[in-house]
Number of protein chains: 2
Amino acid sequence: MSDKNEKKTDCAHEPIEEVSAKMPAEELLYDMADLFKIFGDCTRIKIICALFESELCVNHIAELLSMTQSAISHQLRVLKSARLVKVRREGKTVYYSLADDHIKTIFDQGLEHICE
Amino acid sequence: MSDKNEKKTDCAHEPIEEVSAKMPAEELLYDMADLFKIFGDCTRIKIICALFESELCVNHIAELLSMTQSAISHQLRVLKSARLVKVRREGKTVYYSLADDHIKTIFDQGLEHICE
DNA sequence: TAAACATATGAACAACTGTTCATATGTTTA
DNA sequence: TAAACATATGAACAGTTGTTCATATGTTTA
């Protein structure tokens, strides 16, 4: 018999064509990776974690994490461009807070996975 | 008055000492970042996503993602060392599958956040 | 045992990332 | 308006990361 869809290796699992058909769109998976990439840095995780408690201004986040104002500002920009934080200006100071509740859920899920 | 705990900037938010007290341990946050770092790569996300459907062998994952066997093997090692996948050998072929259900939950939360 | 097959791995390299430093922008106060 | 304060930003640099290439390890079959 000449099966054109024959696999190189003979594995006992579901045909890869079927798996392939069930995969989300390539672009969506890219966006997923990009989202998790944001959470994949300790400084940003700390910032997010701090913002769970309270809206904060840049200087205080820097003070809290014992880091440079510049470093924090750069990271806040990353978080902002990913729509994870929102900004509110009041005179000289700029207040940052979390954009929505999904962030907390994702954080908590990660936490649960770690603590097992 | 000489308030030793005075803040450099006078913001209207919760004192940073209180925020600081509520933060999880430094090490835990590092582990969190490390976990999300794994999800923060498109190749690994795709592998994880494929394994949602079925246990798979290395060659087929490579075929599915149109990538080198070597590249996939390297990434599987990363996933394995983070205990996200488990291994089962059967003769020549090695089958990979997801280690637990938390992975699916984290993935789905990310998906939800994206689709909004 | 030799050949074929399936996977793993080390070295190398390019691309990406996070911090620092210097400085710019924007706001308030004296 | 000048000075002080709060934040943002560009360039540079070191450290990290993902892929490739060549090759090694491990398993089965002829």
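For clarity, every value in this text was computed on a predicted model and none was experimentally measured. Keep in mind that the numbers below use all heavy atoms, side chains included, and drop hydrogens, waters and symmetry copies.
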Check whether any side-chain N or O of [X] sits under 4.0 Å from OP1 or OP2 of [N], and answer yes or no.
X: B/Arg44; N: D/dG18; result: yes
X: A/Asn59; N: D/dC5; result: no
X: B/Gln69; N: C/dC5; result: no

On the side chain of [X], is there an atom forming a donor-acceptor pair with the base of [N] - under 3.5 Å, no angle test?
X: A/Thr93; N: D/dC5; value: no
X: B/Thr68; N: D/dC21; value: no
X: B/Ser70; N: C/dT9; value: yes
X: B/Thr43; N: D/dT19; value: no

Write down the atom of A/Cys42, the atom of B/Ala33, and the distance for their closest heavy-atom approach.
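Residues A/Cys42 and B/Ala33, closest heavy atoms: N-CB, 3.6 Å.
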Provide the closest heavy-atom pair for B/Phe36 versus A/Gly110 in the form atom of the first, atom of the second, distance.
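Nearest heavy atoms, B/Phe36 then A/Gly110: CZ-CA, 3.9 Å.
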Rounded to whole angstrom units, what separation is found between the [atom1] atom of [X] and the [atom2] atom of [N]?
X: B/Tyr95; N: D/dG26; atom1: OH; atom2: P; value: 20 Å
X: A/Ile61; N: C/dT19; atom1: CD1; atom2: P; value: 13 Å
X: B/Ile72; N: D/dG18; atom1: CD1; atom2: P; value: 12 Å
X: A/Leu76; N: D/dA6; atom1: CG; atom2: P; value: 16 Å
X: B/Met67; N: C/dT7; atom1: CE; atom2: P; value: 16 Å
X: A/Asp34; N: C/dC16; atom1: CG; atom2: P; value: 12 Å
X: A/Tyr96; N: D/dA8; atom1: OH; atom2: C1'; value: 8 Å
X: B/Gln75; N: D/dT19; atom1: CD; atom2: P; value: 5 Å

Nearest to the side chain of [X], heavy atoms from C-beta on, is which of [options]?
X: B/Arg89; options: D/dA22, D/dG26, D/dG10; result: D/dG26
X: B/Cys57; options: C/dT7, C/dT20, D/dT9; result: C/dT7
X: A/Val58; options: D/dA8, D/dT9, D/dT20; result: D/dA8
X: A/Val94; options: D/dA8, D/dT9, C/dT7; result: D/dA8
X: B/Lys92; options: C/dT17, C/dT7, C/dC5; result: C/dC5

Dump the intermediate steps for side-chain contact (heavy atoms from CB on, under 4.5 Å) on B/Leu84 and B/Val78, then the final yes or no.
CA-CA 9 Å; B/Leu84 293 180; B/Val78 174; over 6 Å; no
Near B/Arg77 CZ, under 6.0 Å, is it more than 12 heavy atoms from other residues, nucleotides or ligands?
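For B/Arg77, atom CZ is not crowded (no more than 12 foreign heavy atoms under 6.0 Å).
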Evaluate A/Phe52 against A/Phe107 for ring-ring contact (aromatic ring centres under 6.0 Å, His included), listing each step before the verdict.
CA-CA 10 Å; A/Phe52 283 143; A/Phe107 184 92; 5.0 Å; yes
May I ask whether A/His74 stacks on the base of D/dT9, given the cut-offs of 5.5 Å between ring centres and 30° between planes?
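Given the distance and angle limits, yes, they stack.
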Report the residue from A/Leu51, A/Ile103, A/Asp100, A/Ile47 that forms a side chain to side chain contact (heavy atoms under 4.5 Å, CB included) with A/Val85.
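The option that passes is A/Leu51.
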Can you run through DNA chain D from 5' to 3' and write each base as (, ), [, ], | or . depending on how it pairs? Watson-Crick or G-U wobble, both distances under 3.5 Å.
||||||||||||||||||||||||||||||
What's the verdict on side-chain contact (heavy atoms from CB on, under 4.5 Å) for B/Asn59 and B/Ile72, showing C-alpha distance, side-chain angles and the deciding distance?
CA-CA 8 Å; B/Asn59 261 334; B/Ile72 298 300; over 6 Å; no
Within the side chain of B/Arg44, is there an N or O that forms a donor-acceptor pair under 3.5 Å with the backbone of B/Lys46?
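No; judged by distance alone, with no hydrogens or angles, the pair does not exist.
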